[in-house]
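First the structure, in the form of structure tokens, and then the observations on it.
Since we're looking at a predicted model, the values are computed, not measured. To find a chain, count down the sequence lines: A is the first, B the second, and so on, and within it residues start at 1.
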Protein chains: 2
Amino acid sequence: MLTNSRLVHQPHDHGRCIDAALNRALALCAERNARMTPTRESVLRLLWQSHQPLGAYQLQDQLATLLGKPIAPPTVYRAIEFLMALGLIHRIASLNAYLGCPFPNSEHSNLFMICTHCGSAAEVTHSPLNDMLQKASDKANFTLQSQTLELFGLCPQCSDTNNGVQP
Amino acid sequence: MLTNSRLVHQPHDHGRCIDAALNRALALCAERNARMTPTRESVLRLLWQSHQPLGAYQLQDQLATLLGKPIAPPTVYRAIEFLMALGLIHRIASLNAYLGCPFPNSEHSNLFMICTHCGSAAEVTHSPLNDMLQKASDKANFTLQSQTLELFGLCPQCSDTNNGVQP
DNA sequence: AATGTTATGTTATAATATAACATCTATTTC
DNA sequence: GAAATAGATGTTATATTATAACATAACATT
Ligand SMILES: [Zn+2]
Ligand SMILES: [Zn+2]
Ligand SMILES: [Zn+2]
Ligand SMILES: [Zn+2]
């Protein structure tokens, strides 16, 4: 079970998360001949400021503040589109929100564990789960193409005590 | 694996689907002292006209046509809210659309298999899958509360040949 | 009939997302 | 380096999905 769960749901040196994400992104761009422009990089950084999914208009606000000038929705959505195409971020359908992907290269089950209290979200890749979904699909003669798997509940921090909100 | 998959993805006597759904709904309303009003019944019927999830504004159009008078969004959303509260319908987050539930009483995993070609959607309840999700949550110290599980792919009809769209 | 409760009508607006076209910037080609 | 091209951003308008707020109507209980 490959996951960033422990990291997400615990206090940690978060600067590393951002740096690592940026480095993965730059490597992937080099590999694919894609351009990591300042706008795109800013959006990716904003999505890695926390481990909580952000909505497009939250991103818009924060981007406008960061760049010190008004930003229109298409700018944000274009960056999102670009980053999604590279697999650098995911969309959380239940939340209409976006989240940095911790392992953009590897195979994905796209399973998310999202805390209903503090909002943090961990991503999980779980082969047995994928196998089971594949089998269930086979059994129903359903040709599986993609999947949206979002779990809601309390993260370790928030279920332990009522610790309040995450850094 | 409890599912309406075979029914959904094959030609069938669809009048029965609607009648059965209505009967289940009426029984549940009686049980819960809830009122199945004409508007609510119409919305439920519309959602059972096909096995394809419908958006709120599609419902609005169809309801307006059916009732022969203009219908405002809140009317539709109120009916949706009521039917969801009773577990008679589900929301498909990836589609912003709503779908009748084929087994509103039983335990739910809320797993959907949605055809990307014809749009039909089957619901599946799968205990081993739920167990596995519960275990994965436990392992991550995540207190599972609810889940959104949506699979996209080709239904038996659409993957077999290029049969085109479903009745 | 009077009262309280539940449902619907109505208007306006919030929140999320995209279309269409103009302009600019970087990359390549000559 | 200038011209041509492709890629990225700016700008305006609008589509799509969902809810807030308040008025009216229907129903139920007494
Ligand atoms: Zn971090
Ligand atoms: Zn939490
Ligand atoms: Zn049917
Ligand atoms: Zn199909």
Side-chain angles (χ1 to χ4, degrees), chain A residues 25-26 28-44 46-47 52-64 66-86 88-99 119 148 150, chain B residues 25-26 28-44 46-47 52-64 66-86 88-99 119 148 150:
Chain A
L26 291 172
L28 200 58
C29 283
E31 197 181 312
R32 307 273 186 94
N33 257 330
R35 299 187 204 159
M36 180 54 69
T37 66
T39 306
R40 291 164 177 175
E41 180 175 329
S42 296
V43 168
L44 186 59
L46 287 172
L47 284 178
Q52 304 169 358
L54 287 183
Y57 286 76
Q58 290 177 281
L59 278 171
Q60 181 191 21
D61 286 349
Q62 297 186 16
L63 191 57
L66 186 68
L67 303 183
K69 63 175 181 181
I71 296 293
T75 300
V76 175
Y77 280 101
R78 281 167 184 154
I80 287 171
E81 186 183 29
F82 173 86
L83 295 169
M84 293 239 295
L86 283 181
L88 291 168
I89 64 173
H90 295 291
R91 181 170 195 273
I92 308 295
S94 321
L95 299 175
N96 296 328
Y98 305 86
L99 181 68
T148 294
E150 297 163 4
Chain B
L26 291 172
L28 200 57
C29 283
E31 197 181 313
R32 307 272 186 94
N33 257 328
R35 298 188 206 158
M36 181 55 71
T37 65
T39 306
R40 291 164 177 175
E41 180 174 330
S42 296
V43 169
L44 186 60
L46 287 171
L47 284 178
Q52 304 169 357
L54 287 183
Y57 285 77
Q58 289 177 282
L59 278 171
Q60 181 191 20
D61 286 350
Q62 297 186 16
L63 191 57
L66 186 68
L67 303 183
K69 64 175 180 181
I71 297 293
T75 300
V76 176
Y77 280 102
R78 282 169 185 153
I80 288 172
E81 186 183 30
F82 173 85
L83 295 169
M84 292 239 294
L86 284 180
L88 290 167
I89 65 173
H90 294 291
R91 180 171 194 272
I92 308 296
S94 321
L95 299 176
N96 297 328
Y98 305 86
L99 181 67
T148 294
E150 298 164 5

message: Taking 4.0 Å as the cut-off, does a side-chain nitrogen or oxygen of A:N96 come that near to OP1 or OP2 on C:dA17?
response: yes
task: Starting at atom CD of B:Q58, determine the distance to atom P of D:dA15, rounded to an integer number of angstrom.
output: 17 Å
task: Taking the side chain as every heavy atom from C-beta outward, state whether B:Q62 and B:L54 have any pair of such atoms under 4.5 Å apart.
output: yes
field: Interatomic distance, A:Y98 OH vs C:dA15 P [rounded to whole Å]
entry: 16 Å
message: Without decimals, in angstroms, what is the distance between A:E81 CD and D:dT9 C1'?
response: 13 Å
- prompt: With side chains defined as the heavy atoms from C-beta onward, is the minimum distance between A:R40 and A:L86 less than 4.5 Å?
  reply: no
task: Could you check which residues of residues 66-78 of chain B get a heavy atom under 4.0 Å from DNA chain D? Sort them by number, please.
output: B:P73, B:P74, B:Y77, B:R78
Results of salt bridge (Lys or Arg N to Asp or Glu O under 4.0 Å) for A:E41 - residues two or more places apart only: A:R45
- prompt: Just how far, in rounded Å, is P of C:dA7 from CG of B:L86?
  reply: 10 Å
message: For a quick test of reading the model, state the closest non-hydrogen atom pair linking A:R91 to A:M84 and the distance between them.
response: N-SD, 3.7 Å
field: Worked verdict on B:E81 versus B:I89 for side-chain contact (heavy atoms from CB on, under 4.5 Å)
entry: CA-CA 9 Å; B:E81 186 183 30; B:I89 65 173; over 6 Å; no
Sorted by number, the residues of residues 32-40 of chain A with heavy-atom contact under 4.0 Å to DNA chain D: A:R35, A:T37, A:T39, A:R40
query: When rounded to the nearest 0.5 angstrom, what distance separates CD1 in B:I71 from OH in B:Y57?
result: 13.0 Å
message: Could you tell me how far apart B:L83 (CG) and C:dT8 (P) are, to the nearest whole angstrom?
response: 11 Å
message: Run A:L63 and A:T39 through side-chain contact (heavy atoms from CB on, under 4.5 Å) and show every step you take.
response: CA-CA 8 Å; A:L63 191 57; A:T39 306; 4.3 Å; yes
message: From CD1 of B:I80 over to P of D:dA18, roughly how many Å is that when rounded to an integer?
response: 7 Å
- request: Could you tell me the separation between the CE atom of B:M84 and the C1' atom of D:dT19, rounded to a whole number of Å?
  value: 14 Å
task: Return yes if some donor-acceptor pair links the side-chain N/O of A:Q60 with the main-chain N/O of A:V76 below 3.5 Å, else return no.
output: no
- prompt: Would you call A:I80 and A:L59 a side-chain contact if the rule is heavy atoms closer than 4.5 Å?
  reply: yes
query: What is the distance from CZ of B:R91 to C1' of D:dT19, rounded to the nearest Å?
result: 13 Å
message: For D:dT16, is there a stacking contact with B:Y57, counting only centres under 5.5 Å and planes under 30°?
response: no
